[in-house]
Peer 1: 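Right, I'll just put the structure down here and ask away after.
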Amino acid sequence: MDSEIAIAPHDPLPLSHELDENGFPIGSSSTDDDDDGDYEGYGDGDGEGRDVEDAAIADESSDAVSTFAADFYGSGTDWSSLVAAEEEGRKEKKGGLVQRSLLQMWGIKKPKEYEEGSGGMARNLGRKRRRSAMGGEEHVDRVDRRKGQEMKLDRPRVCPFYKKIPGTPFTVDAFRYGQIEGCLGYFLSHFHHDHYGGLSKRWSHGPIYCSSLTARLLKMCLSVNSLYICPLELDTEYDIEGVKVTMLDANHCPGAAVIHFRLSDGRTYLHTGDFRACKLMHSHPLLLNHRINVLYLDTTYLNPKYRFPPKEDVVDFVVKKTHNCLKKQPRTLVVVGAYSIGKENVYLAISQSLEVPIYANASRRRILQSFGWPELSGRLCSSGQSSPLHVLPLSFLRHENLKEYLKTLNKRFTAILAFRPTGWTFSESTGNQLDLIKPSTKGNVTIYGVPYSEHSSFTELRDFVKFLRPEKIIPTVNIGNAASRDKMQAYIREWLKV
DNA sequence: GCGATCAGTT
DNA sequence: CACAACTGATCGC
């Protein structure tokens, strides 16, 4: 199956390309694969997260036998080094990364009174109390470091294999590993913190390829040197280092791209970045009736417990609730929460339906303007008094905050109706019914959590994979523990049967 | 003051 | 409840 991948002459990324039938590198002592098609249906989802992960961690620190997770995270530039992996980096997952506070970025100052409330106390206590559960040496290091006592130097973070595109000198969303040996092109799938982490104005390790919208954000928000930024238009094929590269719309946040690589030997790789699969992708000329050899898949919600409605349905729901509420209380302020970029359609739809402008503060307006979407730009306004529709940082959407916020608006409004568009909401796990969503109300502040997801649901993933039928799949999310990997593999195998 | 890192928060 | 994606504290330099 996996015949040789021709390595381009200039290609210094020493990637072995042998993958096992699950898309994991051969020789990495992949998962204990005996429990093949076991599904045990839904529901036993709990326990999966923490416990198993801790088990995996314990494994890693103690064992001589290499677990997949250890190998996986410890893997260096070469897949063949997986076996000899050091146990570093098990925490690769998502790190706190650069970027100044978004609140600051959005120009919102935290009221003094919230700075040292019970929250602060709880946090400090939590910090002290923590740090016991997961023994192991690394832990000790960390404690020492906090005390400022003789600490070891931090081992450098190593780029995990799934961020490298074999047979090419490229990586995807790998900016937190310094210079990566042999990497001549650093691709960025989209402008979210956990993907661009490591990028700053000091970046100098090589060219960054991304959509032009993302490119603008890199300059505006992170002051990345333009010398290194290589904007690519969507649906346009580029020849980069002898590889044909095309970015497709990922249906995630603005500027998010799915990246299609065609190697000179004809092999094709598709990296989804973060994406929400949809029917439209099924008809893309690069995907329809074309073989994909390896699919790097955003497996965030690859579990049947993650069911949520189409975005359109959620938007309809939000618009309807808004209308109802305004009918009863015409002087209601409607608030939509959003952190960096993404979920714009929620407030755009309200704006269009109510025929009111959208208030956002200066820094958010600047970012939204940079999208170059006239229908959005044209509706932005700079005075909170002149619109009953405000966009605020997600973290601000709490009863105390909104109550205060209402006061600052000088009686122009008498109540607040707020929406937090989050990916998956627990209330949703019981069913797929939007009507079941109950808001949380305190006084004149009502907050709805709505399942507006910019990642694929389980069924959307299934349909996408069954449509694409790639030769191999490499999951890029939820791979930190064996149980979840096994489960995902089992589903994928099932989908690709016959 | 900046960047990295970790835990915590919603 | 558990998600993704962020904030805040604290370290080194």
Side-chain angles (χ1 to χ4, degrees), chain A residues 43 45-50 53 89-106 108 110 114-131 133-134 138-139 141-149 151-157 175-178 190-203 222-223 252-253 274 276 298-303 305-308 337-343 393-401 418 420-430 440 447 449 451-455 457 477-478 484:
Chain A
D46 45 5
E48 192 158 326
R50 268 265 110 49
E53 179 144 12
R90 58 148 212 258
K91 201 64 202 205
E92 201 287 328
K93 236 185 141 178
K94 329 242 147 184
L97 303 168
V98 261
Q99 181 171 356
R100 56 184 195 259
S101 151
L102 271 184
L103 278 186
Q104 206 179 310
M105 196 160 146
W106 306 131
I108 286 186
K110 190 178 232 177
Y114 298 127
E115 255 161 27
E116 59 217 310
S118 52
M121 283 302 263
R123 200 177 308 122
N124 287 335
L125 288 175
R127 192 173 273 278
K128 278 183 191 148
R129 150 166 57 72
R130 188 139 261 294
R131 85 198 208 50
M134 40 170 94
E138 247 188 38
H139 169 62
D141 288 354
R142 208 171 292 128
V143 171
D144 281 355
R145 176 150 63 107
R146 289 275 174 254
K147 284 184 177 165
Q149 311 245 322
M151 30 138 250
K152 295 173 191 165
L153 283 175
D154 285 329
R155 282 156 292 193
R157 287 184 170 270
F175 299 95
R176 356 172 15 216
Y177 314 97
H190 65 290
F191 191 74
H192 273 162
H193 205 227
D194 44 340
H195 292 258
Y196 66 64
L199 277 178
S200 71
K201 64 177 167 208
R202 312 208 337 199
W203 176 264
L222 302 181
S223 308
H252 183 64
C253 64
D274 278 358
R276 182 155 184 182
D298 166 17
T299 45
T300 300
Y301 292 131
L302 207 162
N303 184 311
K305 75 178 169 194
Y306 298 124
R307 294 188 288 137
F308 37 77
Y339 14 65
S340 60
I341 61 170
K343 329 251 173 176
L394 243 195
S395 58
F396 192 75
L397 293 217
R398 311 164 55 174
H399 285 104
E400 325 99 78
N401 294 349
R420 329 179 89 253
T422 58
W424 174 80
T425 56
F426 182 73
S427 55
E428 225 29 42
S429 69
T430 46
S440 138
I447 304 178
Y452 186 90
S453 175
E454 294 185 326
H455 291 273
S457 69
V477 182
N478 296 328
S484 108

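Here the structure is a predicted model, which is why all the values come from computation and not from measurement.
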Peer 1: dT10(B) P sits how many Å from His399(A) NE2, rounded?
Peer 2: 13 Å
Peer 1: Counting side-chain heavy atoms from C-beta on, which of dG3(B), dA2(C), dA4(C) comes nearest to Tyr306(A)?
Peer 2: dA2(C)
Peer 1: In whole angstrom, give the distance that lies between atom NE2 of His455(A) and atom P of dA2(C).
Peer 2: 18 Å
Peer 1: Report the distance from atom CZ of Arg398(A) to atom P of dT7(C), rounded to the nearest whole Å.
Peer 2: 14 Å
Peer 1: Report the residues that fulfil salt bridge (Lys or Arg N to Asp or Glu O under 4.0 Å) with Arg420(A), sequence neighbours left out, ordered by chain and then residue number.
Peer 2: none
Peer 1: Ignoring the backbone of Lys201(A), work out which of dG3(B), dA4(C), dT7(C) is nearest its side chain.
Peer 2: dG3(B)
Peer 1: Checking contacts here: which listed nucleotide (dA5(C), dG3(B), dC3(C)) is nearest the side-chain heavy atoms of Arg202(A)?
Peer 2: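 For the Arg202(A) side chain, the nearest candidate turns out to be dG3(B).
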Peer 1: For the side chain of Lys305(A), starting at C-beta, report the closest nucleotide among dG3(B), dA5(C), dC3(C).
Peer 2: dC3(C)
Peer 1: Round to the nearest Å and state the distance from Arg307(A) atom CZ to dC3(C) atom C1'.
Peer 2: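 Going from Arg307(A) (CZ) to dC3(C) (C1'), I get 16 Å.
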Peer 1: Picking from dC6(C), dT10(B), dA4(C), which would you name as closest to the side chain of Asn478(A)?
Peer 2: dA4(C)
Peer 1: Measuring from the side chain of Tyr339(A) (C-beta onward, heavy atoms only), which nucleotide among dT10(B), dA2(C), dC6(C) has the closest atom?
Peer 2: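 The closest nucleotide is dC6(C).
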Peer 1: OP1 or OP2 of dA4(C) versus the side-chain N and O atoms of His252(A): is any pair under 4.0 Å?
Peer 2: no
Peer 1: Any heavy-atom pair between the side chains of Glu454(A) and His252(A) that's under 4.5 Å?
Peer 2: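 Yes, at least one pair of side-chain atoms sits under 4.5 Å.
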Peer 1: Heavy atoms only, 4.0 Å cut-off, all strands: where does Ser453(A) land among base, sugar-phosphate and nothing?
Peer 2: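 Nothing: the residue Ser453(A), judged by heavy atoms under 4.0 Å, touches no strand.
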Peer 1: Just the rounded figure in Å: distance from P of dG3(B) to CZ of Phe175(A).
Peer 2: 16 Å
Peer 1: Just jot down the ring-ring contact (aromatic ring centres under 6.0 Å, His included) partners of Tyr301(A), sequence neighbours excluded, or say none.
Peer 2: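 With neighbours one apart ignored, the set is Tyr306(A), Phe308(A), His455(A).
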Peer 1: Ser200(A) side chain: which of dA2(C), dG3(B), dA4(C) is closest?
Peer 2: dG3(B)
Peer 1: Nearest-Å distance, CG (Asp194(A)) to P (dT7(C))?
Peer 2: 12 Å
Peer 1: Between dA5(C), dC2(B), dT10(B), spot the one nearest the side chain of Arg420(A), thanks.
Peer 2: dT10(B)
Peer 1: Does the side chain of His192(A) get closer than 4.0 angstrom to OP1 or OP2 of dA5(C) through an N or O atom?
Peer 2: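 It does, given that an N or O in the side chain of His192(A) lies less than 4.0 Å from OP1 or OP2 of dA5(C).
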Peer 1: Atom CH2 of Trp203(A) and atom P of dG3(B): how far apart are they, to the nearest Å?
Peer 2: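 Rounded to the whole Å, the gap is 14 Å.
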Peer 1: Rounding to a whole Å, what distance do you find between Phe308(A):CZ and dC3(C):P?
Peer 2: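 Rounded to whole Å, this separation is 12 Å.
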Peer 1: Rounded to the nearest 0.5 Å, what separates atom CG in Asp274(A) from atom CG in Asp194(A)?
Peer 2: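 Spacing of CG (Asp274(A)) from CG (Asp194(A)) equals 6.5 Å.
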Peer 1: CZ/Phe191(A) to OH/Tyr196(A) distance, rounded to the nearest 0.5 angstrom?
Peer 2: 4.0 Å
